[in-house]
Amino acid sequence: MSGLIPDLASWALRGQPTDNEQEEEGNATGGGGEEGEALTPQEMREQRLQRMQQQQPPAAAASGPEPMDVDSAPAAKPKPKEKKAPPPVAVPSPPVEKKKKRKAEKENDPARKLHRKKETLVRKVLGIVLKNSSLASATPTGAESSFITVDLGDEPSISVQSIAEILSTRVAGSPPPTLTSPSSTFGSSFGGLGSGSNNNKSLVAYLAASHRKAADELKTIRTTSANARKESAQVQAQNEELTELLQEIQKQVVSYASTVLQEPELFEQGKDSAMQLAYCLYTSLNDISGSITFGVGNNVSNSFYYLLVEELISQNEASLERVVKDIVQAYRTALQKCESVLDNNVLLPANLVAAGGGQSGDASPMAIVSALTALTMHKKVAQIVTQTGGFLLPPAASPQATETVRPPPPAAPSMPPGGAGGNNQRFLQLMANLAQQQQPQYKKRSGPALEKDTLLGLCLRVGIPTKSNSAFAPQTIMRQSLASVESTTNQQRQQLKHYQEAYNQFLRNLIKAGQTSRENVMEWFTDALLVNVGASATRPDPSKVSSSILLLNLSVALLKLCEPFVSDSRKHSLIDTHFCTAPEAHKGVYAVSGDDAVQRLGEEGESAMATVDYNPKNPFVSQLFFLTARSLHFGIASSLSQHESLLRHLHHMHWTITSRNG
């Protein structure tokens, strides 16, 4: 401790070296002996400073020696100079507010709002989005979309005058949007074309769907205007302009559909336009909301189909006749494959299936007759249907009446086990003969010809099968309970009732179409009774008379037509009983002589009946009433007689078995 205080004082005063430093310096200079040269105080101080700089870290060396802590207060730090703030500069307002203001002004602009409404209507009704429009960026387009983009320039405008251009660009372009996809916004209201398929590119169906959507939008606008208490003049003007636009769309789609039917070669998707219309009619009754035969409020006169027929009549009636005949032929081909009301897998013709986009070709007699009913909703079309070839039988005096029709031979039976030996050959020949007997030859004017070759005959021959009813198979009928048999029978009768109502509506459409079509229908009924005179026999000849199913349906159809005046006692006076005495009226149905004479009418003698003149108040009522009475003799009366004969035969078999202790 004695040497510590002087050393500290010397170090603090940077004065002379301490004893320890002197020893170290002596060692550093060579041991401090006499041989070493003595250093001056200045040199020793410099060496110490160099040694201290080498021992300290660089940061400490740069900052210099630290001062000793003393009790005195620390020196005050100088205050930093205050920097004067620059004068305020005028900052421009952000551009976002101006953009929002401009956008709001644009949205509130009546002209722009009206234009956007028009764009929305065109997209919703026609499935069209105009390029460079306000909806182009927000609407998905492409193969999977139901909307198509149409380019009408940089600034497309929508008006009554531009609808024709928009639709022409659309129809002449790519295929129409898919109409049958359940998720499709554009085709959801036309689901009657079938559900779940994306293959329907029918041009007629597209135009029909557009017409229906335009009608729905018109109804919405009118309902909204009627419910509103007060509307400004500006809103009323906009609604009137939108109404004119939608009416123009309806007019143009009907016009283009007429052109597609008249000149199908001009359109890529319109080559089978007649079959497209046939398929639309076939599916129209499945969904009334998307039907082409019903307008708004179920009004037929403002429907797409009715307006299309009117357009064809005004432009080219020959084209209408060609289209109707093609459609009737397609339906006739489908009916020829129907055997009973229980058939639900009848194959439609290939051209009709292709027009429907390749969808399922399975059909039923009920659907086909309903399509004929939809086709004949227009009176002009009904008249054309009654004038098509094959609607009536050949006249009795014509050469075609005596021509023989040979049905095509049935398919050859399969070869039995054992090869083509002698016995097998005889077996095959026997099977072929039996199959040929089931399809006998017939004349062109006969009961089988009425059933197989005429349109009404193809409709009326369908009923409940009497020989091969799958519900009462011989293997299972004895195992069924009585309640099960009655339930199955009631179900089949209900199906038959619905089918009979369908073809009765078809007959009403034909009769109400006008005098020409009514006369043709009544002539068909008269021919049906004349060629089936032998149906009242105990065992009718199947090569001469129609089937019992057709004769029963014939009676049902005539009874249904008689219902309006038979059920009303005030109209009974319209029935003139002298119809049976007028050969020019009944045309041989109530003949009093010859092989086909009605026996009870000839009991008083032909001369006594011929003295009365026939002058009815309503010839149609008298004719319909007495044709119905004659049809009951061939239909229900003959069936009851056969049923009674069958019961007697069964009773005799039962007596024979029990008498032999069976």
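It should be emphasised that the depicted structure is a prediction, and the values quoted were computed from it without experimental measurement.
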> Would you say Ser622's side chain and Pro619's backbone share a donor-acceptor pair under 3.5 angstrom?
Replying inline: no
> Going by distance alone, is a donor N or O of one side chain under 3.5 Å from an acceptor N or O of the other, for Asn509 and Gln505?
Replying inline: yes
>> In the structure I gave you, are the side-chain heavy atoms of Met377 and Phe294 within less than 4.5 Å of one another anywhere?
In response: yes
> Given side chains that start at C-beta, do those of Gln441 and Val405 come closer than 4.5 Å, heavy atoms only?
Replying inline: no
> Where do Ser547 and Glu451 land on the side chain to side chain donor-acceptor pair (under 3.5 Å) test, with the steps shown first?
Replying inline: CA-CA 8 Å; Ser547 64; Glu451 182 175 348; 3.1 Å; yes
> Side chains of Cys338 and Ile368: does their closest heavy-atom pair fall under 4.5 Å?
Replying inline: yes
> Any side-chain donor paired with an acceptor under 3.5 Å for Gln276 and Asp272?
Replying inline: yes
>> For Lys544, I'd like to know if atom NZ has over 12 heavy atoms of other residues, nucleotides or ligands within 6.0 Å.
In response: no
> What's the shortest heavy-atom distance between Ala502 and Thr373, and which atoms?
Replying inline: O-OG1, 3.6 Å
> So how far is it from Cys580 SG to His586 NE2, rounded to the nearest 0.5 Å?
Replying inline: 7.0 Å
> Of all heavy-atom pairs between Leu261 and Ala274, which one has the smallest distance, and what is that distance?
Replying inline: CD2-N, 4.0 Å
> Between Thr404 and Tyr442, is any pair of side-chain heavy atoms under 4.5 Å apart?
Replying inline: no
> Parallel, tilted or perpendicular: which fits the ring planes of Tyr282 and Tyr279, with parallel below 30° and perpendicular above 60°?
Replying inline: tilted
>> Among Val589, Leu507, Leu530, Thr628, exactly one meets side chain to side chain contact (heavy atoms under 4.5 Å, CB included) together with Phe525. Which residue is that?
In response: Leu507
> When you measure from the side chain of Gln383 to the backbone N and O of Ala513, does any donor-acceptor pair fall under 3.5 Å?
Replying inline: yes
> Taking atom types as modelled and ignoring hydrogens, do the side chains of His378 and Glu310 form a donor-acceptor contact shorter than 3.5 angstrom?
Replying inline: yes
> What distance do Asn553 atom CG and Ser548 atom OG have between them, rounded to the nearest 0.5 Å?
Replying inline: 9.5 Å
> What distance separates Glu563 CD from Leu558 CG, expressed to the nearest 0.5 Å?
Replying inline: 13.0 Å
> Ignoring hydrogens and geometry, is there a side-chain-to-backbone donor-acceptor pair from Asp343 to Asn345 under 3.5 Å?
Replying inline: no
>> Taking Ser481's backbone N and O only, do any of them form a donor-acceptor pair with Ser484's side chain (distance below 3.5 Å, no angle check)?
In response: no
> Checking Tyr305 side chain against Leu281 main chain: does a donor-acceptor pair fall under 3.5 Å?
Replying inline: no
>> Looking at Gly447, is its backbone amide N or carbonyl O close enough to the side chain of Ser546 to form a donor-acceptor pair, meaning the two atoms are under 3.5 Å apart?
In response: yes
>> For Thr488 and Gln492: C-alpha separation, side-chain torsions, deciding distance, then whether side chain to side chain donor-acceptor pair (under 3.5 Å) applies.
In response: CA-CA 6 Å; Thr488 304; Gln492 294 185 359; over 6 Å; no
> Is there a side-chain contact (heavy atoms from CB on, under 4.5 Å) between Ile464 and Ser340 once you walk through the steps?
Replying inline: CA-CA 6 Å; Ile464 298 177; Ser340 71; over 6 Å; no
>> Exactly one of Arg445, Lys443, Lys444 should register a side chain to side chain donor-acceptor pair (under 3.5 Å) with Glu403. Which one does?
In response: Lys444
> Are Lys560 and Arg508 side-chain neighbours, meaning at least one heavy-atom pair lies under 4.5 Å?
Replying inline: yes
>> Please enumerate all residues that pass side chain to side chain contact (heavy atoms under 4.5 Å, CB included) together with Glu644, with sequence neighbours excluded.
In response: Arg648
>> For Leu450, is there any backbone N or O sitting under 3.5 Å from a side-chain donor or acceptor partner on Arg461?
In response: no
>> Between Phe565 and His572, does the side-chain contact (heavy atoms from CB on, under 4.5 Å) criterion hold? Intermediate values first, please.
In response: CA-CA 7 Å; Phe565 60 85; His572 290 176; 5.9 Å; no
> In Å and rounded to the nearest 0.5 Å, what is the CG to CE distance from Leu627 to Met522?
Replying inline: 5.0 Å
>> Strictly distance-based, threshold 3.5 Å: is any side-chain N or O of Ser273 a donor or acceptor partner for the main-chain N or O of Pro264?
In response: no
>> Less than 3.5 Å apart, any donor N or O on the side chain of Asn344 or Ser364 sitting next to an acceptor on the other?
In response: no
> Leu510 versus Leu456: any side-chain heavy-atom pair under 4.5 Å?
Replying inline: yes
>> Between Tyr503 and Val462, is the side-chain contact (heavy atoms from CB on, under 4.5 Å) condition met? List the steps.
In response: CA-CA 11 Å; Tyr503 71 65; Val462 178; over 6 Å; no
> Going through the distances and angles, do Tyr590 and Thr581 end up as a side-chain contact (heavy atoms from CB on, under 4.5 Å)?
Replying inline: CA-CA 8 Å; Tyr590 287 92; Thr581 64; over 6 Å; no
>> Could you tell me if the side chain of Phe506 sits less than 4.5 Å from the side chain of Leu375, heavy atoms only?
In response: no
>> With rounding to the nearest 0.5 angstrom, report the CD1 to CG distance, Ile575 to Asn618.
In response: 10.0 Å
> For Asn490, does the CG atom have more than 12 heavy-atom neighbours from other residues, nucleotides or ligands under 6.0 Å away?
Replying inline: yes
> Hey, is the main chain of Ser641 close enough, under 3.5 Å, to the side chain of Ser645 for a donor-acceptor pair?
Replying inline: no
>> Taking the side chain as everything from C-beta on, heavy atoms only, tell me whether Val531 gets closer than 4.5 Å to Val545.
In response: no
> When you measure from the side chain of Ser638 to the backbone N and O of Gly635, does any donor-acceptor pair fall under 3.5 Å?
Replying inline: no
> Hey, mind stepping through Asn520 and Gln387 against side chain to side chain donor-acceptor pair (under 3.5 Å) and telling me if it holds?
Replying inline: CA-CA 8 Å; Asn520 289 336; Gln387 296 171 0; over 6 Å; no
> What closest approach, in Å, do Ser303 and Val300 show between heavy atoms, and which atom pair accounts for it?
Replying inline: OG-O, 2.7 Å
> If you round to the nearest 0.5 Å, how far is CD of Glu523 from CZ of Arg518?
Replying inline: 14.0 Å
> At their closest point, which heavy atom of Leu554 faces which heavy atom of Ala528, and how far apart are they?
Replying inline: CD2-CB, 4.1 Å
> Of the non-hydrogen atoms in Cys459 and Leu335, which two are nearest, and what is the gap between them?
Replying inline: SG-CD1, 3.8 Å
> Does any pair with a residue in residues 624-642 pass salt bridge (Lys or Arg N to Asp or Glu O under 4.0 Å), and if so which ones, sequence neighbours excluded?
Replying inline: none
>> With no hydrogens and no angle check, just 3.5 Å: does a side-chain donor-acceptor pair link Gln491 and Ser487?
In response: no
> Is Lys380 paired with Glu317 through a side-chain N to carboxylate O contact shorter than 4.0 Å?
Replying inline: yes
> Which heavy atom of Ala382 sits nearest a heavy atom of Ser517, and at what distance?
Replying inline: O-CB, 4.4 Å
>> Using the side chain to side chain contact (heavy atoms under 4.5 Å, CB included) definition, which of the options Thr386, Leu624, Leu561 pairs with Ile511?
In response: Leu561
